[in-house]
Peer 1: 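Questions regarding the structure given below will be posed in turn.
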Amino acid sequence: MTDLIAANDAIERALALLQAGEVVAIPTETVYGLAGDATNGAAVARIFEAKGRPRFNPLIAHVADMRMAERIGVFDALSRKLADAFWPGPLTLVVPLRPEFGIHPLVTAGLDTIALRMPKGFGGQLIARLGRPLAAPSANTSGKISSTSGQAVARDLGGRIPLVVDGGPTSVGLESTIVKVEDGRARLLRPGGIAAGEIEAVAGSALLRGVTAGIEAPGMLASHYAPGAQMRLNAESIEAGEALLGFGSKRAEGWLHARAYMNLSESGNLREAATNLFAHLQALDRSGADLIAVEPIPFDELGEAINDRLARAAAPRDNPRV
Ligand code: AMP
Ligand code: MG
């Protein structure tokens, strides 16, 4: 049995569950997170079970403030500068772990680094009250589309978790941007809710790109964020019966014959498109179409992260809808 409770009324119940080692789905500004006490191995194991997530994949630990962050990880000058500029917000920083803090090794998948983020709103308040960091990947079945509303979480994970805290639709709609500082230079590990250019403006230099050896994690797997339907990107025209995910004011040829049509942003606004991406994909998937065609989306600003998620949603996978 899964309860769906409005954020204003949910904090005591969420706290009690977390203190008991349970997991709770919570709203953040990026996407909904499936949260558990990051120092409690049983709680972290429950996160992996509820998602069906492979255990070699590390989780992001969420903190309430800089003091908590610095007790868990070691901040060099540039990491601190980026935290000052973007926290609370959709930036995750990978920093060396302080093992004595007691983050459970399931969170880091045994790595000697840790991914840290300070979320806005309900999540931040909850962590401050709990006094401990929360491990929280996106609140969805592993490999599937991330959830950006309480209802979407309940549809996907209902029956598998005790509580979904409903904070309404998320404001950013994409997962955090992940950055790691190496020898004083910031490397982009995953594009996300803060555009690379915004980070470069604060860092004062271009981000390094391309992942260094060693880390393979879910958001970096080729197939991820996948709907049941097949996907076709950069569609200039569509076939009858396909669903269409549009962007901007110019339509793909044949669009009037689409089985279902939604637009990420009529005005071509990439922030609006990011906010709508996952909910629109879920809605088009529910139309029952075998294929979702996606109109071209520019790569600048948040378009980089949107195209990253779409490419993974479109990648070959083991078990497409038949
Ligand atoms: P998710 O919580 O599903 O948004 O995914 C968390 C992501 O954080 C993973 O996909 C990794 O890309 C990244 N991550 C977590 N821990 C580390 C780490 N220690 N080093 C590098 N990347 C990490
Ligand atoms: Mg995820």
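First listed ligand is number 1; within each ligand, the first listed atom is number 1.
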Peer 1: Looking at residues at least two apart in the chain, or sitting in another chain, which of them share a salt bridge (Lys or Arg N to Asp or Glu O under 4.0 Å) with E239?
Peer 2: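 E239 satisfies salt bridge (Lys or Arg N to Asp or Glu O under 4.0 Å) with no residue once adjacent residues are dropped.
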Peer 1: Does the side chain of N140 pick up a donor-acceptor pair with the side chain of S147 at under 3.5 Å?
Peer 2: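 Absent: no donor and acceptor within the cut-off.
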Peer 1: Assess, by modelled atom type and distance only, whether the side chains of E29 and T170 contain a donor and an acceptor separated by less than 3.5 Å.
Peer 2: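 There is no such pair (donor and acceptor under 3.5 Å, judged by atom type) between the side chains of E29 and T170.
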Peer 1: Counting each atom of ligand 1 from 1 as listed, which ones have a heavy atom of R190 under 4.0 Å away?
Peer 2: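 Answer, ordered by atom number: 1 (P), 4 (O), 5 (O).
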Peer 1: Looking only at heavy atoms of T108, does any of them come nearer than 4.0 Å to an atom of ligand 1?
Peer 2: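 Heavy atoms of T108 never come under 4.0 Å of ligand 1.
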Peer 1: Counting neighbours of CD on E100 that are heavy atoms of other residues, nucleotides or ligands and sit closer than 6.0 Å, is the number greater than 12?
Peer 2: yes
Peer 1: So, 2.8 Å as the limit: is an N/O/S atom of S142 located closer than that to the Mg ion (ligand 2)?
Peer 2: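 False for S142.
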Peer 1: Using the test side chain to side chain donor-acceptor pair (under 3.5 Å), find all partners of D37 that sit at least two apart in sequence or belong to another chain.
Peer 2: T39, R132
Peer 1: Below a 4.0 angstrom heavy-atom separation, can you tell me which part of T113, side chain or backbone, both or neither, approaches ligand 1?
Peer 2: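 Contact part for T113 vs ligand 1: both backbone and side chain.
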Peer 1: Atoms of ligand 1 less than 4.0 Å from I178 heavy atoms?
Peer 2: 7 (C), 8 (O), 12 (O), 13 (C)
Peer 1: Can you name the atoms of ligand 1, numbered from 1 with element, that are less than 4.0 Å from a heavy atom of L111?
Peer 2: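 Close to L111: 18 (C), 19 (N).
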Peer 1: Name the orientation class of the two ring planes belonging to F75 and W87 (parallel below 30°, tilted from 30 to 60°, perpendicular beyond 60°).
Peer 2: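 The rings of F75 and W87 stand perpendicular, inter-plane angle above 60°.
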Peer 1: Record the part of R187 in heavy-atom contact with ligand 1 below 4.0 Å; permitted values are side chain, backbone, both and neither.
Peer 2: neither
Peer 1: Check if K180 has a non-hydrogen atom at a distance under 4.0 Å from any atom of ligand 1.
Peer 2: no
